[in-house]
Chemist: 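Okay, handing you the structure first.
Lettering of chains follows the sequences in order, A, B, ..., and the numbering in each one begins at 1.
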Amino acid sequence: MTSIDTPPTSEAPVDPALPAALHGPVLAWFDRHARDLPWRRPEAGAWGVMVSEFMLQQTPVVRVLPVYEQWLARWPRPADLAAEAPGEAVRAWGRLGYPRRALRLHAAAVAITERHHGDVPRDHGQLLALPGIGEYTAAAVASFAYGQRHAVLDTNVRRVFARAATGVQYPPNATTAAERRLARALLPEDETKASRWAAASMELGALVCTAKSEDCGRCPIAERCAWRLAGKPAHDGPPRRGQTYAGTDRQVRGRLLAVLRESADPVAQADLDVVWDEPVQRARALDGLVADGLVEPLDGGRYRLPLS
DNA sequence: CACCCGTGGTT
DNA sequence: TAACCAAGGGT
């Protein structure tokens, strides 16, 4: 009886009856309460789903909505975006944040045009190979756009599963193998039902089982929730990394790029210098933007969004 | 695996 | 008000 054969508690087997007990209530709740988001409408297509997933990486739905509409109207197919200069994608990204996502979405559109005849690939592995698409986004596009059966583990789903199945308030900082195993165990066998489940469990986390003020009174699985049944114990592990922003390179980069986004013409060094008074940090931030391909340096100390 | 990468609203 | 949070990905 040594500990080497004892699985850690985080890898406890899933209650065999749990999946079926959760599917009905959550799917029925989703039928009634799902938001009518534009990327969920049939006309969005796989490209619409993919654009929305890029924009929703760390950016709230309400801020994505207007930019999404502009992008799909301007670039209705991957080839339309691929034909543009990458700097135009960065400019149209506006203030969504993390502008490297715009660059990667543009690069993904180029790859789709070159390697996939302009159609968003259906295969999870091919999606994963595209720039800016990781484990989550590949599964999300395959599931939401093509109705495939994939475990879609985003921050909402991870929180819902941590509470309902594992009985803790928050999931670990980084996604664990135990979480992936749990997500697979909870995934309905039927493909259509599985893709619906992915969207429904995510929506439940976004609307009801939220990070701070969860509303168990509106939760369809409150009676089955391990965390609630345990008396909703507070998170004990290490605090999740706080992200300070003021004074960081990210803030400087944001200010520099804002100047370049607003200008149709190349910008003089002096017009960038005014956004931050500390010259060393300012130079480091600008160099970083150039290294990332977000900014193109020109002769005479001028800069612009990248044309290529 | 820890850290970096924007932005703005909420508590 | 500082901290936290928001459909992550890349290194």
Side-chain angles (χ1 to χ4, degrees), chain A residues 34-35 37-40 44 48-68 90 93-105 107-108 127-145 150-161 169-177 179 183 195 198-207 209-214 235 238-261 275-276 284-285 287-289 291-295:
Chain A
R35 289 168 292 180
L37 300 171
W39 43 86
R40 286 181 177 162
V49 171
M50 182 172 148
V51 170
S52 77
E53 290 302 337
F54 270 74
M55 293 181 171
L56 289 165
Q57 291 169 3
Q58 301 287 280
T59 301
V61 167
V62 288
R63 285 223 311 277
V64 164
L65 283 168
V67 184
Y68 171 86
V90 174
W93 197 252
R95 305 189 67 79
L96 288 183
Y98 291 143
R100 293 190 295 189
R101 292 181 292 165
L103 226 42
R104 293 181 184 136
L105 180 50
L127 287 165
L128 199 54
L130 294 172
I133 294 192
E135 190 60 44
Y136 160 76
T137 304
V141 172
S143 181
F144 301 155
H150 291 282
V152 180
L153 264 187
D154 81 318
T155 185
N156 290 305
V157 175
R158 294 182 61 215
R159 187 175 53 250
V160 169
F161 290 176
Q169 186 177 20
Y170 296 121
N173 271 331
T175 306
T176 63
E179 285 183 274
S195 68
S201 52
M202 189 176 307
E203 190 78 337
L204 187 61
L207 298 184
C209 192
T210 53
K212 289 191 171 175
S213 53
E214 73 279 355
H235 179 70
R240 285 120 98 233
R241 259 185 66 55
Q243 35 173 312
T244 55
Y245 180 66
T248 62
D249 286 10
R250 290 156 78 183
Q251 183 179 25
V252 185
R253 287 167 57 110
R255 288 192 183 182
L256 292 170
L257 205 57
V259 173
L260 290 156
R261 271 200 314 265
V275 306
W276 200 259
R284 183 173 66 235
D287 286 348
L289 288 170
D292 287 346
L294 283 163
V295 173

Chemist: Report the nucleotide, chosen from C/dA7, C/dG8, C/dA6, that has the shortest atom-to-atom distance to any side-chain atom of A/Leu56.
Modeler: C/dA7
Chemist: Could you check how far NE2 of A/His235 sits from P of C/dC4, rounded to whole Å?
Modeler: 11 Å
Chemist: Pick base, sugar-phosphate or nothing for A/Ala211, based on heavy-atom distances below 4.0 Å to the nucleic acid.
Modeler: sugar-phosphate
Chemist: Between C/dT1 and B/dG6, how many Å separate the two P atoms, rounded to a whole number?
Modeler: 26 Å
Chemist: Whether the side chain of A/Arg35 engages the backbone of A/Leu207 through a donor-acceptor N/O pair (distance < 3.5 Å, no angle test) should be reported.
Modeler: no
Chemist: Indicate, with a heavy-atom threshold strictly under 4.0 Å, whether A/Leu37 touches base, sugar-phosphate, or nothing.
Modeler: base
Chemist: How is A/Thr210 classified with respect to the nucleic acid when contacts are heavy atoms under 4.0 Å: base, sugar-phosphate, or nothing?
Modeler: nothing
Chemist: Are A/Glu53 and A/Tyr136 close enough that a side-chain donor and a side-chain acceptor fall under 3.5 Å?
Modeler: yes
Chemist: Which part of the nucleic acid, if any, lies within reach of A/Trp93 when heavy atoms closer than 4.0 Å are counted: base, sugar-phosphate only, or nothing?
Modeler: nothing
Chemist: If you compare every side-chain N and O of A/Arg158 against the phosphate oxygens of C/dA6 (OP1, OP2), does one of them come in below 4.0 Å?
Modeler: no
Chemist: For nucleotides 9-11 of chain B, which of its nitrogen or oxygen atoms have a protein nitrogen or oxygen under 3.5 Å away, and what is each distance?
Modeler:
none

Chemist: So what does A/Arg95 hit on the nucleic acid, given a heavy-atom distance under 4.0 Å: a base, only sugar-phosphate, or nothing?
Modeler: sugar-phosphate
Chemist: Measure from CD on A/Glu53 to C1' on C/dA7 and round the result to the nearest Å.
Modeler: 5 Å
Chemist: Could you please name the option among B/dC5, C/dA7, C/dG9 that lies closest to any side-chain atom of A/Arg253?
Modeler: B/dC5
Chemist: Determine the contact category for A/Leu96: base if any of its heavy atoms lies under 4.0 Å from a base atom, sugar-phosphate if only primed atoms, P, OP1 or OP2 are that close, otherwise nothing.
Modeler: base
Chemist: Return the minimal non-hydrogen interatomic distance between A/Ala174 and A/Glu179, and the atom names on each side.
Modeler: O-OE1, 3.7 Å
Chemist: Hey, does the side-chain of A/Arg35 have a donor or acceptor N/O within less than 3.5 Å of a partner on the base of C/dA7?
Modeler: yes
Chemist: Has A/Tyr170 got a side-chain atom pairing as donor or acceptor with A/Ala211's backbone, closer than 3.5 angstrom?
Modeler: yes
Chemist: Describe the nucleic acid contact of A/Gly97 in one word from base, sugar-phosphate, nothing, applying a heavy-atom distance below 4.0 Å.
Modeler: base
Chemist: What's A/Asp249 touching, base or sugar-phosphate or nothing? Going by heavy atoms closer than 4.0 Å.
Modeler: sugar-phosphate
Chemist: If you look at every heavy atom in A/Leu37 and A/Leu65, which pair is closest and at what distance?
Modeler: CD2-CD2, 4.5 Å
Chemist: Between C/dA7, C/dG9, B/dG6, which nucleotide has the shortest distance from any of its atoms to the side chain of A/Pro99?
Modeler: B/dG6
Chemist: Of the listed nucleotides (B/dC5, C/dA6, C/dC5), which one gets closest to any side-chain atom of A/Arg100?
Modeler: B/dC5
Chemist: Using only atom types and a distance under 3.5 Å, with no angle test, would you say the side chain of A/Arg158 pairs donor to acceptor with the backbone of A/Pro171?
Modeler: no
Chemist: Closer than 4.0 Å, any side-chain N/O of A/Gln58 to the OP1 or OP2 of C/dA6?
Modeler: no
Chemist: With rounding to whole Å, what would you report as the distance between B/dT11 and C/dA7 at their P atoms?
Modeler: 14 Å
Chemist: In terms of the nearest nucleotide of DNA chain B, which residue is placed more toward the 5' end: A/Tyr245 or A/Thr175?
Modeler: A/Thr175
Chemist: Is there a side-chain contact between A/Arg159 and the phosphate of C/dA6, meaning an N or O under 4.0 Å from OP1 or OP2?
Modeler: yes
Chemist: Heavy atoms only, 4.0 Å cut-off, all strands: where does A/Arg284 land among base, sugar-phosphate and nothing?
Modeler: nothing
Chemist: Do A/Thr59 and B/dG6 share a donor-acceptor pair, side chain to base, under 3.5 Å?
Modeler: yes
